[in-house]
**Q** 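I am attaching a structure below and will ask some questions about it afterwards.
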There are 2 protein chains.
Amino acid sequence: MEKENELFGVKEIARRANVSTATVDRVLHNRTGVSEKTKAKINAIIKEMDYQPNILASRLASKKIISLAALIPDVSEETDFWAAPLAGIRRAEAEMRQYGVQVQIFLFDLNDKDAFAEQIRHVFEGGFHGILISPSFIEETKKFAAECARRKMPYVFIDSDIPDLHSLSYIGPHLRKSGYVGAKLLTYRLEAEKKVLIINISKEIDNFNYLEIEDGFRAYFNDNNQPNEIVRIDIRETDYQSVARHLTYVFHLNKDIGAAFVTNSRVHTVASFLKNSHRTHVSLIGYDFVKENVGYLENNVIDFLICHRPDDQGYRGMMALYQTLVVNAPVTKQNYMPIDIVTKENYEFYQN
Amino acid sequence: MEKENELFGVKEIARRANVSTATVDRVLHNRTGVSEKTKAKINAIIKEMDYQPNILASRLASKKIISLAALIPDVSEETDFWAAPLAGIRRAEAEMRQYGVQVQIFLFDLNDKDAFAEQIRHVFEGGFHGILISPSFIEETKKFAAECARRKMPYVFIDSDIPDLHSLSYIGPHLRKSGYVGAKLLTYRLEAEKKVLIINISKEIDNFNYLEIEDGFRAYFNDNNQPNEIVRIDIRETDYQSVARHLTYVFHLNKDIGAAFVTNSRVHTVASFLKNSHRTHVSLIGYDFVKENVGYLENNVIDFLICHRPDDQGYRGMMALYQTLVVNAPVTKQNYMPIDIVTKENYEFYQN
DNA sequence: TACCTTTACGGGCACGTGCCCGTAATCCTC
DNA sequence: GAGGATTACGGGCACGTGCCCGTAAAGGTA
């Protein structure tokens, strides 16, 4: 008992309403120039028909190209983590291009707050219709969000979230739960009398991500009455020498550390230290599928890596913008990625 | 130095070749009615321009609707595993529908070889342009593949592969490696003197999948000189009573089983047995994110589940057909899914 | 009433491709 | 060399929507 087909589209609406397709078009795009009466009639018919516009024809006919921006950290010597989201963004771009969508990518140095702010200015100058952004610096991102709101421009956060803002969508990990998983893996075969070491290596002090992860990590210990003592250390320099110096000191003070948890992708630096100091019996867990980390996974120095599908994050983030701007379909506000566990045995199939 | 733009598409090719768009069209779809000379000329221009057809316009202009079939097992009382690939297929369908692609789904009972064969007949009667199939029965699938070859109809395998056949693509797990990962997880905290039990619960005897998994499982033990003794059991009935009977016997004979590995999604039956017989100290690993299994994951009876993103398999399988038939783009022949590790702590974010 | 402005709507071309139909040119046959 | 068959190609409409432009009708001002 389908009431569809026979004739469809704008033409059919126009026929039923006794108007021209142009008038229907005006209603569909709520432009001016239609009397309230006919507008109501047409809207009723649209609703009754459950009219779905043909995106093919729409995109073909419209010469207006939709342009999206993506603002993410550059790949640096320190880490090639952001190569993965970039690849996902490019994948999305390739899919969308044929539908008249253009993507422009803006990069910034993760250690340079000003570069971030400047790229934001460039983005606004570009007059884009939507933007994907890694909200790496909190204050700057807040200003950015305010300006977006003023311009009614949708923006999507990936990799980390700033919850109060009105982003179209957040796509990334649930950091707290991610730390929780880390604790589970770390303690899975750990003897009760061994200590656990949490290591945070980061130049930035206001690290919201880190706090969430550690919070989740500790929550696991509480929930499961895990007996192990937790030691923690913050290291504010990222070079190997500094890290090694700090770690030497910590391991000197605590002879019975059985496992270490690094709260970000710099786990390879710790792995290097453990290897060099012949401490590979210490279980080691950290974040992200970057090539240095995978190397230590292969060597059995790193036991597990926790990953959040950065490639997919980039892809889905762009697609969320596409959904709203082109398809005009609703988008999930919170989009938590799976917490993937990568080991020596399964990494070759991992799709970052 | 881009040589693109200005004018593009079929019209530009026609202009350069001094022919009409109709002739260009004939060449593009290698239809008859073009002399070798002009054909060569047009092809040269196409190559030079790196011409990419506008799929929007193509699909819009072509009234020919492409229809795809999917042949997968029905959701049964035994398992709702196939709900996930089905969801992925429907997701793909929703995306493709607006581009003029229709999808029809054929289901069969996993325990009924004849139903499988009959549905294959239905598929061929339907005159589809491509098909996604779960090759559950080997002999029937071989006949199917031969008929597809005769009709030049592309087919994609998901979830399990039959390597010799010329499928357009295989999308599913690398079973051997998957067993390998299972062994790693199972032995990760296992004491050396404990035995390991491999359990295969399946009515079908010719279980190619099972053999691959067990092979990988044992390979891990070899590669790592794992000291544990391996015990194995085949159970040909799938109901709880039968499984419990067999397991009672095995556990009676082997007092020191420390871990059990179930080679398919029926791990929940084993979990039920372990729980009822107060043997939850035995580590348990099995396959698939089905709701019964997740329940035992929550209860700490199952330690890990290994999953292969069945939803994605369905989605990608359909998309592979779409790529060849609509976009006319190449498709990867082997498409191994990640080997995901699901635990009590991360299952809530798992995207099956 | 004459003239101008605003509102409400219709006609019709364009987007790039698919494909039907018509026809000039060439080939074949006796 | 007349007639028919085949080959090679062009013209042009259609797909569903966007949007420019033109215009009749309504309203406003003197």
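Hydrogens, waters and symmetry mates are skipped; everything else that's a heavy atom, side chains included, is used. Chain identifiers are assigned alphabetically (A, B, ...) following the order of the sequence lines, protein sequences preceding nucleic acid strands; residue numbering begins at 1 within each chain.
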**Q** Reading DNA chain C from 5' onward, which residue's closest nucleotide shows up sooner: B:Pro53 or A:Arg26?
**A**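 Closest to the 5' end, via its nearest nucleotide, is A:Arg26.
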**Q** Specify whether A:Tyr170 and A:Tyr336 have parallel, tilted or perpendicular ring planes, treating 30° as the upper limit for parallel and 60° as the lower limit for perpendicular.
**A**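 Perpendicular, since the angle between the ring planes exceeds 60°.
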**Q** Take the protein atom CD1 of B:Ile42 and the nucleotide atom P of C:dT17, then report the distance between them rounded to whole Å.
**A**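 In whole Å, C:dT17 P lies 14 Å from B:Ile42 CD1.
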**Q** Rounded to the nearest Å, what distance is computed from the NZ atom of residue B:Lys37 to the P atom of nucleotide D:dA8?
**A**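 Answer to the nearest Å: 11 Å.
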**Q** Please lay out, stage by stage, how B:Phe128 and B:Phe106 fare under the test ring-ring contact (aromatic ring centres under 6.0 Å, His included).
**A** CA-CA 12 Å; B:Phe128 294 92; B:Phe106 296 82; 5.7 Å; yes
**Q** Here's a test of your reading of the structure: between A:Lys64 and A:Leu60, which maps to the more 5' nucleotide of DNA chain D?
**A**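 Looking at the nearest nucleotide for each, A:Leu60 comes out on the 5' side.
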**Q** Atom CG of A:Leu28 and atom C1' of D:dT17: how far apart are they, to the nearest Å?
**A**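 Those two atoms, CG and C1', are 9 Å apart.
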**Q** What's the CD1-P distance between B:Ile65 and C:dC19, to the nearest Å?
**A**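 After rounding, the reported distance stands at 14 Å.
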**Q** Verify the distance criterion only: is there a donor paired with an acceptor across the side chains of B:Glu95 and B:Tyr322 at less than 3.5 Å?
**A**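 The answer is no; no qualifying pair exists.
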**Q** Hydrogens and angles aside, do B:Tyr51 and B:Glu12 bring a side-chain donor and acceptor to less than 3.5 Å of each other?
**A**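 The criterion, which ignores hydrogens and geometry beyond distance, is not satisfied for B:Glu12 and B:Tyr51.
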**Q** Closer than 4.0 Å, any side-chain N/O of B:Ser35 to the OP1 or OP2 of D:dA8?
**A**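 It does not, given that no N or O in the side chain of B:Ser35 lies less than 4.0 Å from OP1 or OP2 of D:dA8.
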**Q** In terms of the nearest nucleotide of DNA chain C, which residue is placed more toward the 5' end: B:Val10 or A:Asn18?
**A**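 On the 5' side of the pair lies A:Asn18.
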**Q** Ignoring backbone atoms, establish whether A:His29 has a side-chain N or O less than 4.0 Å from OP1 or OP2 of D:dC19.
**A**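 The answer is no; no side-chain N or O of A:His29 sits under 4.0 Å from OP1 or OP2.
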**Q** Across the strands shown, which category fits B:Asp25 at heavy-atom distances under 4.0 angstrom: base, sugar-phosphate, nothing?
**A**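 Contact class for B:Asp25: base.
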**Q** Starting from P on C:dG18, measure out to CD1 on B:Ile13 and report it in whole angstrom.
**A**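 In whole Å, C:dG18 P and B:Ile13 CD1 are 11 Å from each other.
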**Q** Atom NZ of B:Lys11 and atom C1' of D:dG12: how far apart are they, to the nearest Å?
**A**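 From B:Lys11 NZ to D:dG12 C1': 12 Å.
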**Q** Looking at C:dG10, I'd like to know if its phosphate oxygens (OP1 or OP2) sit under 4.0 Å from a side-chain N or O belonging to A:Ser20.
**A**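 For C:dG10, OP1/OP2 do have a side-chain N/O of A:Ser20 under 4.0 Å.
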**Q** Which part of the nucleic acid, if any, lies within reach of B:Thr38 when heavy atoms closer than 4.0 Å are counted: base, sugar-phosphate only, or nothing?
**A**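 It contacts sugar-phosphate atoms only.
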**Q** Taking the six-membered ring of B:Tyr99 as reference, does the cationic atom of B:Arg59 (NZ for Lys, CZ for Arg) lie under 6.0 Å from its centre and within 45° of its axis?
**A**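 So B:Arg59 doesn't make the cation-pi contact.
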**Q** Side chain of B:Arg31, heavy atoms from C-beta onward: which of C:dC19, C:dA8, D:dT17 has the nearest atom to it?
**A**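 Nucleotide nearest to B:Arg31's side chain: C:dC19.
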**Q** Can you find a side chain N or O atom of B:Tyr99 that sits less than 4.0 Å from OP1 or OP2 on D:dG16?
**A**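 So the side-chain polar atoms of B:Tyr99 never come under 4.0 Å of the phosphate oxygens OP1 or OP2 of D:dG16.
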**Q** Side chain of A:Ala22 only, heavy atoms from C-beta on: which candidate in C:dT17, D:dC19, D:dT17 is closest?
**A**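 In terms of side-chain proximity for A:Ala22, the closest of C:dT17, D:dC19, D:dT17 is D:dC19.
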**Q** Looking at the side chain of B:Ala61, which of D:dA14, D:dG16, C:dG10 is the nearest nucleotide?
**A**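 Of the candidates, D:dA14 comes closest.
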**Q** Take the protein atom CD of A:Glu36 and the nucleotide atom C1' of C:dT7, then report the distance between them rounded to whole Å.
**A**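 The answer, rounded to whole Å, is 13 Å.
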**Q** Taking OH from B:Tyr51 and P from C:dT17, how many angstroms apart are they, rounded to a whole number?
**A**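 To the nearest whole Å, that distance equals 3 Å.
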**Q** State whether B:Ser62 places a side-chain N or O below 4.0 Å from either non-bridging phosphate oxygen (OP1 or OP2) of C:dT17.
**A**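 No, no such contact exists.
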**Q** Counting only side-chain N and O atoms of B:Thr32, is one of them less than 4.0 Å from OP1 or OP2 of D:dA8?
**A**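 For D:dA8, OP1/OP2 do not have a side-chain N/O of B:Thr32 under 4.0 Å.
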**Q** Ring-plane angle category for B:Phe137 and B:Phe108, please: parallel below 30°, perpendicular beyond 60°, tilted otherwise.
**A**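 Geometry flag for B:Phe108 against B:Phe137: tilted rings.
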